[in-house]
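Working notes, structure below.
Values below: every heavy atom of this structure, side chains too, minus hydrogens, waters and symmetry copies. Per chain, numbering begins at 1; letters A, B, ... match sequence-line order.
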There are 2 protein chains.
Amino acid sequence: MQRELADRLTLCTFKKGALIHDAEKVCTRSYFIHQGLVRVYFLKEGKEISEYFCAEQEWVNSPRSFMQQRPDIYYLDAIEETQVAGLDVQDLLFLFGNFPEMERYARLSMGTAYGHFMERITSMRFTTAREKYLHFCETYSDIHHRIPLGMISSYLGITQETLSRIRAQK
Amino acid sequence: MQRELADRLTLCTFKKGALIHDAEKVCTRSYFIHQGLVRVYFLKEGKEISEYFCAEQEWVNSPRSFMQQRPDIYYLDAIEETQVAGLDVQDLLFLFGNFPEMERYARLSMGTAYGHFMERITSMRFTTAREKYLHFCETYSDIHHRIPLGMISSYLGITQETLSRIRAQK
DNA sequence: CAACCCTTTTGATCTGGATCAAAAAATCAC
DNA sequence: GTGATTTTTTGATCCAGATCAAAAGGGTTG
């Protein structure tokens with residue numbers, strides 16, 4: 001199965017700032033990140049709002065667009081020069097159909113993501129801006145220093161100014 | 001497979017206010033609601049914070065506790081008298097092992113839940129208390145009037161007083 | 001290396017929603 | 001039904017963080 005999967009992956013590199021997926025289109029592939037940093041964001045009143053970030057050894061795509069094969073609101077771009085291995089949705093469906101362990105892997109991964117979402121929802125209610133930022137630093141402990149301030153503030157739902165002041169004190 | 005599933009379900013009824021699952025314990029069964037309304041909540045500084053609500057024709061459990069068979073922070077209780085069909089985790093695992101379509105169903109359901117979570121996270125950032133409430137009314141359009149105000153306010157992360165004032169105007 | 005552009009910081013003011021307090025209304029138990 | 005408890009509403013005050021404005025850094029491009 002490893003072999004069947006490896007044969008279907010396509011390697012490619014995106015330059016810093018390059019658009020990996022456009023919200024106008026259907027997301028037909030999922031990317032495994034070998035090196036680099038990807039941001040998932042959407043537009044609200046003309047401004048870019050970060051939804052989350054993915055780095056080395058993680059899969060990234062536009063979730064609802066990829067799962068349901070219809071356009072959704074999310075754009076993906078490369079925060080740094082990024083090398084990925086892309087897997088087409090057709091190939092993934094082939095693997096699901098022929099290798100039950102692949103479907104199990106997907107179900108379990110989804111369960112993990114589900115848990116992370118619950119935690120994030122909890123951390124966004126009843127917390128001060130500072131607590132939100134500290135939680136972000138824990139969640140992204142290994143990569144938080146590689147993400148620009150403006151992208152973090154929109155991820156947290158606070159303004160750049162507030163985040164800058166939080167960082168200043170202590 | 002329908003038959004195999006039906007044979008493993010246990011019917012039972014919880015009175016209004018009854019505890020369905022205790023956070024101290026491991027959640028060993030998942031409940032399909034035939035009639036009634038269930039709240040998933042946790043305690044923060046002695047107060048009950050609603051995480052979400054489930055009603056007729058939905059499955060409910062303590063997600064991370066059920067998936068990983070270890071205790072988690074969530075309690076479940078019946079907001080109204082509630083009739084459910086319970087499925088034990090052992091039985092579910094048996095069904096996953098013997099019926100691939102069951103595993104597929106679980107993966108797809110999880111994907112749907114994933115989408116709902118993304119939407120909720122979006123609706124919690126950059127929105128006023130009023131917008132949060134309106135979003136809640138859409139999300140729970142068929143059951144929002146069956147849920148007490150205090151439980152809604154903690155779900156939204158606003159105070160009871162603010163929610164009461166929002167409802168008052170218009 | 002200078003001119004430009006983008007990101008981050010600093011300052012001043014304003015406001016939505018929290019907090020504290022208490023009255024009014026609804027629900028429950030006996 | 002009637003008193004007790006819980007839930008919801010109303011009122012007054014306060015503050016964390018938003019908004020508006022502008023200065024100060026940092027990068028990158030010819």
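- DNA chain D is contacted by both Gln160(B) and Ala129(A); Gln160(B) maps to the nucleotide lying nearer its 5′ end (nearest heavy atom per residue).
- Using bins of under 30°, 30° to 60° and over 60° for the plane-to-plane angle, the ring pair Tyr133(B)/Phe136(B) lands in the parallel bin.
- Sequence order on DNA chain C of the closest nucleotides to Arg165(B) and Lys16(B) puts Arg165(B) first from the 5' end.
- With respect to Arg8(A) and Glu4(A), a salt bridge is recorded, a charged nitrogen being found less than 4.0 Å from a carboxylate O.
- Between the side chain of Glu58(B) and the backbone N or O of Ala55(B) there is at least one donor-acceptor pair closer than 3.5 Å.
- Within 4.0 Å of Leu163(B), counting heavy atoms only, lies no atom of the nucleic acid at all.
- Within the helix from dC1(C)-dG30(D) to dC30(C)-dG1(D), the inter-axis angle between the opening and closing five-pair segments is 60°, rounded to 10°.
- Atoms OH (Tyr133(B)) and P (dG17(C)) sit 15 Å apart, rounded to a whole Å.
- No donor-acceptor contact under 3.5 angstrom links the side chains of Gln35(A) and Thr13(A), judged on distance only.
- At a non-hydrogen distance threshold of 4.0 Å, nothing from residues 142-156 of chain B comes into contact with DNA chain C.
- Gly157(B) comes within 4.0 angstrom of sugar-phosphate atoms only, judged by non-hydrogen atoms across all strands, and of no base.
- Boundaries of the chain B contact region on DNA chain D are dT8(D) to dA12(D), first to last in 5' to 3' order (nucleotide atom under 4.0 Å from a heavy atom).
- One interatomic measurement links the two molecules: NZ of Lys47(B) to C1' of dA18(C), which rounds to 11 Å at whole-angstrom precision.
- Atoms CZ (Arg130(B)) and P (dG17(C)) sit 10 Å apart, rounded to a whole Å.
- A donor-acceptor contact shorter than 3.5 Å is absent between the side chain of Thr82(B) and the backbone of Phe14(B).
- Ser164(B) places no side-chain N or O within 3.5 Å of a backbone atom of Gln160(B) that could act as its donor or acceptor partner.
- The residues Glu56(B) and Arg146(B) are annotated as salt-bridged, a charged nitrogen and a carboxylate oxygen being separated by less than 4.0 angstrom.
- Distance CD (Glu161(A)) to P (dT9(C)): 11 Å, rounded to an integer number of Å.
- Side-chain contact of Arg39(B) with Tyr155(B): a donor-acceptor pair under 3.5 Å is absent, judged by distance alone.
- Minimum heavy-atom separation, Gly36(B) to Glu80(B): CA-OE1, 3.7 Å.
- A donor-acceptor contact shorter than 3.5 Å is absent between the side chain of Thr127(B) and the backbone of Lys132(B).
- Taking the centre and axis of the six-membered ring of Phe117(A), the NZ or CZ atom of Arg120(B) falls outside the cone set by 45° and 6.0 Å.
- Within the structure, every side-chain polar atom (N or O) of Thr162(B) is placed at least 4.0 Å from both OP1 and OP2 of dG17(C).
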